[in-house]
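One structure coming up, written as structure tokens, with questions to follow.
Since we're looking at a predicted model, the values are computed, not measured.
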Amino acid sequence: MSTPKIAFIGAGSVVFTQGLLADLFAFPELKNIHIALHDIDAERLATAELAARDIAVQREAHPRITAHADRRAALDGADFVINIVQVGMGEATRTDFDIPARYGLRQTIGDTLGVGGIFRALRTFPLLRSLGEDIAALCPQAWLLNYTNPMAMNVQYLAQATGLTRVVGLCHSVYWTMRDLSDLLGVPYEEVTYRAAGVNHQAWVLRFEHDGTDLYPRLDAMVEADEQLRRRVRVDMYRRLGYYPTETSEHSSEYVPWYLRHDSEIERLRLPVGAYLRIVEQNVAAYEKTRDALAAGAPLPVEGTMEYAPQIIHSITTGTPRTVYGNVPNHGLIDNLPAHGVVEVPCLVDALGVQPTRVGALPAQLAALNRTYLSVNDLVVRAAVEDEPRHIRHAAMTDPATAATVTVERIWELCDDMVRAHADRLQPSLRAILGT
């Protein structure tokens, strides 16, 4: 695999595509790769192609770059497929916030659990099924590297509905958590050793050491001395659960019943309700700035992102061993979580591919929270795989933040409203309005 072909599905997510390309072209062994870009938006696809060519020049790379409106052409013969699609884009995301808000349900990011996560998954599943069919037909040995949220639901669906086995979900939350914790304690990240495990956006730092010394006592002392640190959800969870969560406070607040339903907690922990809507606006602005800069012939800033996909591609292509964090079906990796659920664990990557590491059992309190998370995921996937619309409601009833805020009758009404709003993007069997 001296010159691998890498297909970008959803390449019109230009800013993210830029970062991945900058990382890929930084590897000397990957400067001549084939980049196949696909998007259904012609303008965004053209912008992604211009960006790829600009970054290649700045990185002194000489890749083959092709752009395809036809997804199958992009996939044909690919060695790696990077999925960064967001079905429905900003319009669908706003719906995910606006309708639940009418029921008193607060969300911050809305892309992993909760009503927002449930319906983001349901409108993504049809795309994943057809993508899986195309991969099986056109590049069956390719590794599918998924960045599309909700990560764990999407990877579980891919495993159960498509039969693909070379699938790994990638998220930067573990890496950036450890960078930030190292910076907070004044310890060089490169000298820190750690292990984390759990589920995506709700994994836990199980070990955190420097020169063989546990760093948790130093973190405890810092938290105790700093009132502002204690005004963060993830720090609050750490103090009560004993292990630091690997996701931001904004994300973490949505996966438990304790915070978003209470005005006092929102104020105490400075929670930005609706934060993702502002992020969507910023992403659109960043895309338009990139598009206009390229049209004017201005060079793009090229910065590495330390994302896992380029590292995986380099390791598999060259045999260079690395450890990354990946989201994969459990299959005995974490003893006290469901076998069919998708977990986030350390993975060795080399010429043999992505090889997950068995972690054993999580501390009981952490596994309890993760099991609830995975129960929501399982019901959403079952809704699609079994063509059972009632499971959509069961998932919302099981979701901790939703159940803590909305009565069960109103949860069913809320799901009906969400089905109506997203009906054209859902598989036909899930478009039923059930009432209560």
task = Indicate yes or no: at least one non-hydrogen side-chain atom of Asp39 is less than 4.5 angstrom from one of Glu49.
result = no

request  = Could you pull out the closest heavy-atom pair between Thr162 and Leu128, with the gap in Å?
outcome  = CG2-O, 3.9 Å

query = Closest heavy-atom contact between Cys347 and Val354?
reply = CB-CG1, 3.7 Å

key: Spacing of CG belonging to Leu414 relative to CZ belonging to Arg393, to within rounding of 0.5 Å   = 9.5 Å

query = Does Thr108 reach the side chain of Thr248, with side-chain heavy atoms less than 4.5 Å apart?
reply = no

task = May I ask you to test the Val81-Cys139 pair for a side-chain heavy-atom distance under 4.5 Å?
result = yes

note = Between Phe8 and Leu21, the two heavy atoms sitting closest are CZ-CD2, 3.8 Å

remark   = Residue set satisfying side-chain contact (heavy atoms from CB on, under 4.5 Å) with Arg129, at least two apart, ordered chain then number -> Glu133, Tyr157, Ala161

key: Pairwise distance CD(Glu265) to CD(Glu267) - rounded to 0.5 angstrom   = 10.0 Å

message = If I compare all heavy atoms of Ala196 with all of Val174, which pair ends up nearest, and what's the gap?
response = CB-CG1, 4.1 Å

message = Under a 3.5 Å threshold, yes or no: a donor from one side chain and an acceptor from the other, between Gln355 and Asp350?
response = yes

Whether Tyr276 and Phe97 hold their rings parallel, tilted or perpendicular, with breakpoints at 30° and 60° = parallel

Approximate separation, where rounding is to 0.5 Å, of Ile6 CD1 and Ile65 CD1 = 11.0 Å

task = Can you tell me which residue pairs pass the salt bridge (charged side-chain N to carboxylate O under 4.0 Å, His left out) test with a partner in residues 302-317, sequence neighbours excluded?
result = none

Set of ring pair (Phe, Tyr, Trp, His ring centres under 6.0 Å) partners for Tyr325, sequence neighbours left out = none

message = For Glu247 and Thr112: C-alpha separation, side-chain torsions, deciding distance, then whether side-chain hydrogen bond (donor to acceptor under 3.5 Å, both in side chains) applies.
response = CA-CA 12 Å; Glu247 191 46 74; Thr112 299; over 6 Å; no

Under 3.5 Å donor-acceptor, Gln58 side chain and Leu300 backbone = yes

message = Regarding Tyr147 and Tyr308, do their side chains bring together a donor and an acceptor under 3.5 Å, going by distance alone?
response = no

request  = Using a cut-off of 6.0 Å, state whether more than 12 heavy atoms not belonging to Gln228 lie near its atom CD.
outcome  = yes

request  = List in chain and number order the residues that pass side-chain contact (heavy atoms from CB on, under 4.5 Å) with Asp292, two or more places apart in sequence or in another chain; answer none if no residue qualifies.
outcome  = none

ask   = Are more than 12 heavy atoms from other residues, nucleotides or ligands located less than 6.0 Å from atom CZ of Arg207?
value = no

note = In short, Glu344 meets His201 closest at the heavy-atom pair OE1-N, 4.3 Å

query = Thinking salt bridges, do Arg94 and Glu281 make one under a 4.0 Å N-O criterion?
reply = yes

key: Evaluation steps, side-chain hydrogen bond (donor to acceptor under 3.5 Å, both in side chains), between Arg234 and Thr177   = CA-CA 11 Å; Arg234 67 197 309 192; Thr177 292; 2.8 Å; yes

remark   = In short, Val168 meets Gly326 closest at the heavy-atom pair CG2-CA, 3.8 Å

request  = Determine, for Asp263 against Arg106, whether the closest basic-nitrogen to carboxylate-oxygen distance falls under 4.0 angstrom.
outcome  = yes

key: Salt-bridge criterion met for Asp335 and Arg358 (N-O under 4.0 Å)   = yes

inquiry  = Just by distance, no angles: are the side chains of Thr148 and Asn83 close enough, under 3.5 Å, to form a donor-acceptor pair?
reply    = yes

request  = Sorted by first residue and then second, give each side chain to side chain donor-acceptor pair (under 3.5 Å) pair with at least one member in residues 217-226; sequence neighbours left out.
outcome  = Asp220-Tyr238

task = Taking the six-membered ring for Trp and the full ring for Phe, Tyr or His, determine whether the centres of Phe208 and Tyr244 are under 6.0 Å apart.
result = no

key: Contacts of Pro363 that satisfy side-chain contact (heavy atoms from CB on, under 4.5 Å) - sequence neighbours left out   = Leu206, Tyr243, Gln365, Leu366

message = Apply side-chain hydrogen bond (donor to acceptor under 3.5 Å, both in side chains) to residues Arg382 and His394 and explain how you reach the verdict.
response = CA-CA 10 Å; Arg382 284 178 180 273; His394 299 155; over 6 Å; no

Passing option when Asp96 is tested against Arg120, His422, Gln107 for side-chain hydrogen bond (donor to acceptor under 3.5 Å, both in side chains) = His422

Asp23 side, atom CG; Thr305 side, atom OG1 - distance, nearest 0.5 Å = 3.5 Å

note = The reported gap from CZ in Phe80 to CD1 in Ile35 (rounded to nearest 0.5 angstrom) is 11.0 Å

ask   = Going from NE2 on His38 to CZ on Arg71, what distance comes out if it is rounded to the nearest 0.5 angstrom?
value = 6.0 Å

request  = Verify side-chain hydrogen bond (donor to acceptor under 3.5 Å, both in side chains) between His314 and Glu29, making sure each step is shown before the conclusion.
outcome  = CA-CA 8 Å; His314 181 262; Glu29 300 91 342; 3.0 Å; yes

